[in-house]
Amino acid sequence: MADRYQQFTRTPVGKFLVPRLGLPNPPTLRRYRPGQPALDGPALLGGAPGGRLEKALTTQLGAIGLDVRTVAADDVRYGALVFDATGITEPAGLRELYRFFHPVIRRIAANGRVVVLGTPPEQAQGRERIAQRALEGFTRSVGKELKRGATAQLGYVGEGAEDATESTLRFLLSAKSAFVDGQVIRIGTGGVTTARAPESWEKPLSGKVALVTGASRGIGAAIAEVLARDGAHVVALDIPAQGADLSAVANKIGGSALQLDITAADAPAKLAEYLTQRHGGVDVVVHNAGITRDKTLGNLSDSAWDAVLNVNLVAQLAVNDTLLAEKVLKKNGRIIGVSSIAGIAGNLGQTNYATSKAGVIGMVNDGAPRLAEYGGTINAVAPGFIETKMTAAVPVVIREVGRRLSSLAQGGLPVDVAETIAWYANPASSAVNGNVVRVCGQAFLGA
Ligand code: NAD
């Protein structure tokens, strides 16, 4: 579905009217292309005195190949501003944020990145805990102030996980995170605190097998494509009625097509058998299949309640249980859920859908310690307004509101969700466990 308003803002009339009428002006977001430089400009690295990340950050930003500066200059447009806030141990120290960012914040390039790194508040005590918690308000506000496609995120790095942030920095400090804004990410808080670089950052999933459910179209097809681009053999799964589209996706990426309704009673067993016999197991499981049956609660039929809860939550739990119990999910395996901002904020006409999507967050909370036991992870994305057939069917006014009421003033693309999932799937993201990251352009809906 084309965003006609965004197209209009690029016309001569639009360019004249939009600023004069104070209308939203959606920026053109830079998306990842293999081989492109990660950032449009150098990265400025700063920190509060006494921070514990400086050494690791210098090494990791260097490994990414960024032009890292530590002294601000007047004539530079920065691709990124990265700040180690772990040295802030009391509220008065929060002034360090002002000191670093105030002089340079207006010199961030289009599609630039702000990344603040702190200590997880739950790992700190007293005034340090309070000061670290305060970083969230700062970063989310910066995200709302930045223009021209620039974004801001907060990474909480657990004690001992200082050297495990490279995959996250590569994601955040590149066009792969185009539609992720104002998010809080925890690294090294879900059990594992170490990470090893893959042999190739271009093909981190080389030799891995990834299952993607609901892969015949929309977000699922994009996930399949991105995981294949990263080197995985993708098993693309969808219901038999989507068989033709499913084959087209699988053929395009050199993957396999598997027609299966995940809600069928024997689906977990069939899936386990298929993955074991054909591929000797699975490394990455992406639970993307999902449906909506929207009605306000008083008008909602019991079948619409059951259908949504079954596809979006219950079937996924059954699949996880079987794949874990029968050890089909390999050591260091990844499970990735697809929640929704409706599962965080709630949404009119979506009691069933929001319940199921909040349940996906519960699945992540419950699963993280279980997966950590054998080096695996479970995380979820919570997409906001993404341009797909699902959202093209939304009534026009609600669709316009959904697109515009966010810091980036536009809908995201399926590839934005897929890139976030690929970051979770990366073997180097072993310390990223138990996260729910919104891919929503910092939608104003909910937290
Ligand atoms: P979509 O309807 O285009 O695709 C969903 C796919 O899941 C379809 O191909 C469908 O056939 C498949 N599917 C449904 N039931 C299944 C079953 N029982 N077994 C196997 N496959 C089944 O939807 P989409 O917009 O691409 O959304 C993908 C996921 O992202 C969903 O979980 C959705 O809830 C979530 N999401 C989407 C948005 C958005 O803006 N589009 C926002 C938030 C969350």
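Just so you know, ligand 1 is whichever comes first in the structure, and atom 1 is the first atom listed for that ligand.
Remark: D163 pairs with no residue by the side chain to side chain donor-acceptor pair (under 3.5 Å) rule, at least two apart or across chains.
Looking at heavy atoms from C-beta onward, V184 lies out of side-chain contact with T139 at the 4.5 angstrom threshold.
Salt bridge status for E419 with R229: present, with a side-chain N to carboxylate O gap under 4.0 Å.
Residue pairs that meet the side-chain hydrogen bond (donor to acceptor under 3.5 Å, both in side chains) test with at least one member in residues 319-329, sequence neighbours left out, are H287-N320. Sorted by first and then second residue, the side-chain hydrogen bond (donor to acceptor under 3.5 Å, both in side chains) pairs with a member in residues 305-317 read N312-S356; sequence neighbours excluded.
Side chain of D283 to backbone of V209: a donor-acceptor contact under 3.5 angstrom is found.
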Does ligand 1 have any N/O atom under 3.5 Å from a protein N/O, and what are those pairs and their distances?
from: ligand 1; atom 1: 2 (O); to: R217; atom 2: NH2; distance (Å): 2.7
from: ligand 1; atom 1: 3 (O); to: R217; atom 2: NE; distance (Å): 2.9
from: ligand 1; atom 1: 9 (O); to: S216; atom 2: OG; distance (Å): 3.1
from: ligand 1; atom 1: 9 (O); to: D238; atom 2: OD2; distance (Å): 2.6
from: ligand 1; atom 1: 11 (O); to: D238; atom 2: OD1; distance (Å): 2.6
from: ligand 1; atom 1: 18 (N); to: D261; atom 2: OD1; distance (Å): 2.8
from: ligand 1; atom 1: 19 (N); to: I262; atom 2: N; distance (Å): 3.1
from: ligand 1; atom 1: 25 (O); to: T388; atom 2: OG1; distance (Å): 3.0
from: ligand 1; atom 1: 26 (O); to: I219; atom 2: N; distance (Å): 2.8
from: ligand 1; atom 1: 32 (O); to: N288; atom 2: O; distance (Å): 2.8
from: ligand 1; atom 1: 32 (O); to: K357; atom 2: NZ; distance (Å): 2.9
from: ligand 1; atom 1: 34 (O); to: Y353; atom 2: OH; distance (Å): 2.6
from: ligand 1; atom 1: 34 (O); to: K357; atom 2: NZ; distance (Å): 3.1
from: ligand 1; atom 1: 40 (O); to: G384; atom 2: O; distance (Å): 3.2
from: ligand 1; atom 1: 40 (O); to: I386; atom 2: N; distance (Å): 3.0
from: ligand 1; atom 1: 40 (O); to: I386; atom 2: O; distance (Å): 3.3
from: ligand 1; atom 1: 41 (N); to: T388; atom 2: OG1; distance (Å): 3.1

